[in-house]
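Notes follow once the structure below has been shown.
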Number of protein chains: 2
Amino acid sequence: MSHTVGIRQVQKQKTRQALLDAALGLLEDQSLSSLGLREVTRAVGVAPTAFYRHFRSTADLGVALVEEALGSLHPMIGTTVSGSGGSEDRIVRAVDLIAGHVRAQPAHVRFIARERHGGVQPVREAIREQLDRFAEEVRDALAEQPESEGWTREDLLMLAGLYVDQMLMTASQFLETLDAPAERREQVARLATRRMRLIAIGRGHWLD
Amino acid sequence: MSHTVGIRQVQKQKTRQALLDAALGLLEDQSLSSLGLREVTRAVGVAPTAFYRHFRSTADLGVALVEEALGSLHPMIGTTVSGSGGSEDRIVRAVDLIAGHVRAQPAHVRFIARERHGGVQPVREAIREQLDRFAEEVRDALAEQPESEGWTREDLLMLAGLYVDQMLMTASQFLETLDAPAERREQVARLATRRMRLIAIGRGHWLD
DNA sequence: CCATGCAGTTAACAACTGTTCTCTGTAATT
DNA sequence: AATTACAGAGAACAGTTGTTAACTGCATGG
């Protein structure tokens, strides 16, 4: 059934990935709307016209980057929210997870934070779609917790959205501490933890 | 003491403001890092070189835009947070205030949301400075409320930061409903109100 | 009233952009 | 073995960019 992955297709995917990687690198100190396709091909060492074999435009490439940055993150959501331990444990674990991901994929995180409200509409929409999916997944995970008894589905989605936004905020703050002393990073972690804790407390008394 | 505002200086300020206005308009569907100075001068109807009489670069213009967009907003902070009425009243009033401001100054709001994590470092820093000032002002206003008794100054700043981020989120969401049916806008308002309410509840039980 | 300062203009520069068309080599198909 | 498909190269295009220099006209201060 599966197509034989010929040498040809492999090489094409390799070039495509090189374009994505180069673009991600160039986007560390500029926005997508100022990224030129020649700039990208030059960084890869390939003719400008080769770009068109893979993407219609840089906006198109941006949408592909959204998929790469967020697509593989969905499995982590459920396991984090539904993890064992009390509320406090889960919060600490979530913050650690975010810190780890920012360390592992800083360019991805920067790209998402930057382009979420950026100047390229299709990319903004792709990000919004993914984040909406995240929120729904968080809601479903929350719904299975005993603390969610009596909650409406709508209120749970509200809470989930709050968590998702909070996670992105935290990730963005970690990003700014990447080449700062470790104590600064610890400070961000503590602050994020307390924010999450306050939200969790609000959740606990929502139905009062 | 005050310098006589000669015809000359008035005209200069007028051109400068025209450049700022034109840039703000152009930034509705692109990011600052892709804004060209010729683009701006063309929109104003002035020679490209005239730009240099007012700004060193488009990044410099961006910093000026931050001042214009956020500088005049500080007085509103205190009066909103310290306003009369109960917690619920203040929340509704805050959301209404945000909705009104987004309607009145959509381009300013879009610019701030976009460039907060944008590709131009000096502009990011200018926005962070202003938002940090906002957070401090909110903290000071919160500190004078009876609900804040027993809170550490640090925790109050944490809460203030949460509120500020929440306001920006809300503003950005209102922005997306600008040319949508009124019911969509009402929905965003309700959602934002409930988010704020949950945070307020968390605040109320923080010291438990 | 005259000399200076300076906002804005004009012209030119090298460098860059996205896009088109034509071509080449080679993997894949028949 | 012959043919086709197609990733990438090369060259050329009209148009754009930021920046420099020398200029012009006029409000300003002496």
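Every chain is numbered from 1, with letters handed out A, B, ... down the list of sequences. A quick note: this is a predicted structure, and the numbers were derived from the prediction, not measured.
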What is the distance, to the nearest angstrom, from the [atom1] atom on [X] to the [atom2] atom on [N]?
{"X": "H54(B)", "N": "dA7(C)", "atom1": "NE2", "atom2": "P", "value": "7 Å"}
{"X": "Q13(A)", "N": "dC6(D)", "atom1": "CD", "atom2": "P", "value": "14 Å"}
{"X": "Q11(B)", "N": "dT9(C)", "atom1": "CD", "atom2": "P", "value": "10 Å"}
{"X": "F55(A)", "N": "dT19(C)", "atom1": "CZ", "atom2": "C1'", "value": "18 Å"}
{"X": "F51(B)", "N": "dC6(C)", "atom1": "CZ", "atom2": "C1'", "value": "18 Å"}
{"X": "R16(A)", "N": "dC6(D)", "atom1": "CZ", "atom2": "C1'", "value": "17 Å"}

Check nucleotides 22-27 of chain C against the protein and report each pair of N or O atoms closer than 3.5 Å, with its distance, or say if there are none.
residue	atom	partner	partner atom	Å
dG25(C)	N2	R8(A)	NH2	3.1
dA27(C)	N3	R8(A)	NH1	3.4

Distances under 3.5 Å between protein N/O atoms and the N/O atoms of nucleotides 15-19 of chain D, please, pair by pair.
residue	atom	partner	partner atom	Å
dT17(D)	OP1	R42(B)	NH2	3.1
dT17(D)	OP2	R42(B)	NH2	2.5
dG18(D)	OP1	L37(B)	N	2.7
dG18(D)	OP2	L37(B)	N	3.4
dG18(D)	OP2	R38(B)	N	3.1
dG18(D)	N7	R38(B)	NH1	2.5
dG18(D)	O6	R38(B)	NH1	2.9
dT19(D)	OP2	Y52(B)	OH	2.7
dT19(D)	O5'	Y52(B)	OH	3.3
dT19(D)	O4	R38(B)	NH1	3.2

Measure the spacing between [atom1] of [X] and [atom2] of [Y] and express it to the nearest 0.5 Å.
{"X": "L97(B)", "Y": "T79(B)", "atom1": "CG", "atom2": "OG1", "answer": "7.5 Å"}
{"X": "L175(A)", "Y": "T177(A)", "atom1": "CG", "atom2": "OG1", "answer": "8.0 Å"}
{"X": "I91(A)", "Y": "Q166(A)", "atom1": "CD1", "atom2": "CD", "answer": "10.5 Å"}

**OP:** Name all residues meeting the side-chain hydrogen bond (donor to acceptor under 3.5 Å, both in side chains) criterion together with H54(B); count only those two or more places apart in sequence or in a different chain, and write none if there are none.
**Re:** none
**OP:** Not counting sequence neighbours, which residues clear ring pair (Phe, Tyr, Trp, His ring centres under 6.0 Å) with F55(B)? List them please.
**Re:**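 With neighbours one apart ignored, the set is F51(B).
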Original post:
In terms of side-chain geometry, is the basic nitrogen of R116(B) or D165(B) positioned less than 4.0 Å from the acidic oxygen of its partner?
Top reply: yes
Original post:
Below 4.0 angstrom, N of the basic side chain to O of the carboxylate: do R133(A) and E129(A) qualify?
Top reply: no
Original post:
Using the C1' atoms of five pairs at each end, what's the angle between the two axes of the helix from dC1(C)-dG30(D) to dA12(C)-dT19(D), to 10 degrees?
Top reply: 10°
Original post:
Does the side chain of S148(A) pick up a donor-acceptor pair with the side chain of R203(A) at under 3.5 Å?
Top reply: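 Per modelled atom types, S148(A) and R203(A) side chains form a pair under 3.5 Å.
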Original post:
If you measure only the distance, is there a donor-acceptor pair under 3.5 Å linking the side chains of Q105(A) and E68(A)?
Top reply: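 There is no such pair (donor and acceptor under 3.5 Å, judged by atom type) between the side chains of Q105(A) and E68(A).
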Original post:
Does R114(B) use its side chain to pair, donor to acceptor, with the backbone of E28(B) at less than 3.5 Å?
Top reply: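 Present.
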Original post:
Can you list the residues that meet the salt bridge (charged side-chain N to carboxylate O under 4.0 Å, His left out) rule with D60(A), with sequence neighbours excluded?
Top reply: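 Testing D60(A) for salt bridge (charged side-chain N to carboxylate O under 4.0 Å, His left out), a comparison that skips the adjacent residues, returns none.
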